[in-house]
Amino acid sequence: MESEIDRRQLILPAFGPAAQGRLCKAGVLVIGAGGLGCPAALYLAAAGVGRLGIVDQDAVELSNLHRQVAHRESSVGMHKADSAAQACRALNSSIQVDVHREGFTPANALELASAYDVIVDATDNAASRYLISDACVIARRPLVSGAALGTDGQLTVYNHGPDGPCYRCMFPEAPRPESCSRCSDAGVLGVVPGIIGTLQALEAIKLASGVGKPLSRTLLLADCMSGRFTSIKLRAKMPGCIACGHNPSITAQSLPEYDYNGFTGAPSNDTAPQSLQL
Amino acid sequence: MESEIDRRQLILPAFGPAAQGRLCKAGVLVIGAGGLGCPAALYLAAAGVGRLGIVDQDAVELSNLHRQVAHRESSVGMHKADSAAQACRALNSSIQVDVHREGFTPANALELASAYDVIVDATDNAASRYLISDACVIARRPLVSGAALGTDGQLTVYNHGPDGPCYRCMFPEAPRPESCSRCSDAGVLGVVPGIIGTLQALEAIKLASGVGKPLSRTLLLADCMSGRFTSIKLRAKMPGCIACGHNPSITAQSLPEYDYNGFTGAPSNDTAPQSLQL
Amino acid sequence: MVKLKIELSGGLEILFGNSKEHDLEISQANGKVTLADVITKARDDLLTDRPELFMKDDSVRPGILVLVNDTDWELTGTLHTLVEDGDTVTFISTLHGG
Amino acid sequence: MVKLKIELSGGLEILFGNSKEHDLEISQANGKVTLADVITKARDDLLTDRPELFMKDDSVRPGILVLVNDTDWELTGTLHTLVEDGDTVTFISTLHGG
Ligand SMILES: [Zn+2]
Ligand SMILES: [Zn+2]
């Protein structure tokens with residue numbers, strides 16, 4: 001069945017049998033099964049990634065469905081990770097889909113990140129974004145980071161290659177919580193995370209299969225109202241970064257104790273109030 | 001239920017109650033329920049477009065599933081239009097979903113195009129693309145045109161505004177069939193039509209709700225291996241165009257008799273051999 | 001006199017009269033204009049709302065990325081970067097939503 | 001001597017040694033180089049395979065879009081467009097797949 005589904009990709013000049021073979025052996029972890037994670041997980045499953053992990057601790061709500069297209073009205077109340085995994089298995093029964101219902105936390109971050117080859121950040125809050133980046137640096141995993149708000153989207157790959165920055169290199173100081181929550185109030189046009197999440201699947205497929213040029217040191221901005229995409233050239237990794245620099249203070253030992261909620265001044269996904277969950 | 005699902009969009013500055021109201025009253029026709037049409041239909045349903053038409057006459061095959069994420073393994077053998085409609089209804093039971101299993105043909109083209117406000121070309125062959133464009137010109141409907149092949153994607157809006165060109169303005173002479181089929185042999189990386197189809201939903205939402213700047217006279221090129229998007233400035237409509245020019249030879253009377261297969265030298269989707277169906 | 005194009009993205013446009021593009025003219029006595037000058041002048045001339053969501057001390061607030069002609073200001077000299085006539089300076093608020 | 005960048009997209013790169021970007025230099029007696037000259041020279045110097053999938057008569061085959069600096073050649077004068085040193089000429093094959 002695998003060969004039937006993957007037949008079309010095999011004959012692509014840019015995506016030959018070796019690349020497909022690497023993809024089939026790779027594991028990709030999608031953190032968040034919401035607006036970004038739904039399309040990312042579906043396209044990774046469709047592409048035949050060997051092992052797909054889905055992390056989410058929340059339940060499907062009716063108000064999610066305008067952008068979270070792997071869920072259904074009949075899945076309301078179900079764990080999001082289970083609902084997304086069910087959709088992925090229905091699309092491709094030949095891959096392994098792991099469900100992580102406990103969320104991505106300082107306690108399990110290193111174990112989870114180390115168990116996969118490529119990590120996809122499809123979360124919706126600053127605390128989770130710092131935690132995931134730090135875990136990827138320590139576990140030495142490339143991180144496909146996407147975000148969407150209003151009618152804007154952003155996409156990049158962190159912690160890849162000899163000089164790719166991590167999230168902390170870009171944003172060493174956390175934003176004020178009110179600048180986040182203010183934006184959160186604005187909501188999101190549902191198709192915008194759809195575009196960014198599908199592009200996250202593309203970047204993860206490129207990283208897992210070793211083809212193409214991943215968006216390392218490049219930030220792609222999508223301005224959906226004008227239909228304009230802009231590529232920004234980003235800094236290299238910063239020698240003084242406390243996560244990926246020469247003398248890091250965030251280590252395998254210290255990460256589990258690091259106060260991500262305190263650092264960002266906002267609760268991570270664990271305890272985020274409804275109004276923060278875009 | 002509608003208000004619950006659409007709540008988040010309503011509070012967007014760029015997408016207020018008036019825009020959401022227009023979207024809820026609009027009809028969008030998605031022609032083709034394949035690699036492009038699956039994400040386009042899902043995101044249009046999720047966004048709460050009032051009436052969604054889905055056209056396809058083929059059945060789901062296992063080899064489609066690496067890119068056609070609205071279908072499932074258990075839907076193999078089912079009509080694609082039915083399978084996609086089922087996924088859309090499961091996501092949003094508050095909208096009307098029409099299924100057109102007979103395909104888009106010279107005989108039904110004008111009636112179908114006239115019955116919707118915005119048309120999405122999600123087909124996979126040149127003959128269908130000329131037919132859909134001609135029908136949209138006569139029915140005065142904007143056309144969201146997407147295409148994907150290999151690791152490249154293309155997106156534009158035809159027949160929109162005072163000076164937007166139609167497909168025939170851009171390509172008055174049909175390509176040689178061997179230049180098409182040669183490319184078809186190359187297959188497509190499944191996530192590429194996913195990206196373009198999701199962007200087609202975005203453009204259709206913009207057109208149906210009257211917000212933002214649609215991609216008229218602009219061709220968006222996606223080079224997925226490099227992650228590069230390029231916007232091309234296109235010509236205005238051509239005065240001598242036989243479809244949308246000053247003295248058109250393609251009219252409501254002549255279109256049903258026009259030999260699209262003869263013009264392109266290739267069968268349309270109706271009778272296309274398997275190898276042409278990317 | 002240096003004429004610049006100012007672009008805003010990621011929701012920052014809400015603080016700038018809901019417009020993503022602005023023109024900005026700056027004159028300095030010595031003729032040299034730095035990004036530090038641009039940030040202050042953008043706040044004084046263009047910002048319409050909540051300056052504390054744009055600036056902190058003499059720079060932009062954490063979470064805002066500054067670009068000169070689509071290049072991260074970390075590569076050009078951060079606050080000390082010299083800008084020239086015709087340059088585009090972009091302020092992007094990093095997004096967390098998903 | 002005019003030095004151009006030639007870009008290929010939509011599968012046309014397969015006919016050009018599987019490379020999407022090439023450099024091309026053209027000299028004309030009168031110093032003026034048109035897109036007609038560029039097309040012929042690209043075929044002669046860069047094309048590696050199946051010329052009939054690139055040209056028809058003295059122009060590109062139907063289905064190929066020609067751009068000068070990301071602008072449709074219909075807006076610049078089609079075959080008669082004059083190109084200058086540093087210009088980018090792009091050939092795009094329109095796609096039909098989905
Ligand atoms: Zn770092
Ligand atoms: Zn026309």
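In what follows, chains are A, B, ... by sequence order, proteins preceding strands, each numbered from 1.
Taken from CG in Leu62(A) to OG in Ser93(B), the straight-line distance is 8.0 Å, to the nearest 0.5 Å. To the nearest 0.5 Å, atom NE2 of residue His66(B) and atom CD of residue Gln20(A) are 9.5 Å apart.
What you find for Gly194(A) and Thr198(B) is that their closest heavy atoms are C-CG2, 3.7 Å. The two residues Val191(B) and Ala201(A) have their closest heavy-atom pair at CG2-CB, 4.1 Å. Of all heavy-atom pairs spanning Pro39(A) and Tyr43(B), the tightest one is CG-OH, 3.4 Å.
Residues Leu199(A) and Phe229(B) have side chains in contact (heavy-atom distance under 4.5 Å, counting atoms from C-beta outward). Looking at heavy atoms from C-beta onward, Phe15(A) lies out of side-chain contact with Thr151(B) at the 4.5 angstrom threshold. Two residues are said to be in side-chain contact when any heavy atoms from C-beta on lie closer than 4.5 Å; Leu189(B) and Leu202(A) meet this criterion. Residues Leu65(A) and Asn92(B) are not in side-chain contact: their nearest non-hydrogen atoms beyond the backbone lie 4.5 Å or more apart. In this structure, the side chains of Leu91(B) and Glu73(A) stay at 4.5 Å or more apart for every pair of heavy atoms.
Of the atoms belonging to Leu220(A), it is side-chain heavy atoms, and not backbone ones, that fall under 4.5 Å from chain B. Looking at Ile195(A), both its backbone and its side chain come within 4.5 Å of chain B, counting heavy atoms on both sides.
For the options Gly212(A), Gly227(A), Ala90(A), heavy-atom pairs under 4.5 Å to chain B are most numerous at Ala90(A). Counting heavy-atom pairs closer than 4.5 Å to chain B, the top residue among Glu203(A), Lys213(A), Arg228(A), Met225(A) is Met225(A).
Side-chain N or O atoms of Lys206(A) include one that pairs as donor or acceptor with a backbone N or O of Cys224(B) at under 3.5 Å.
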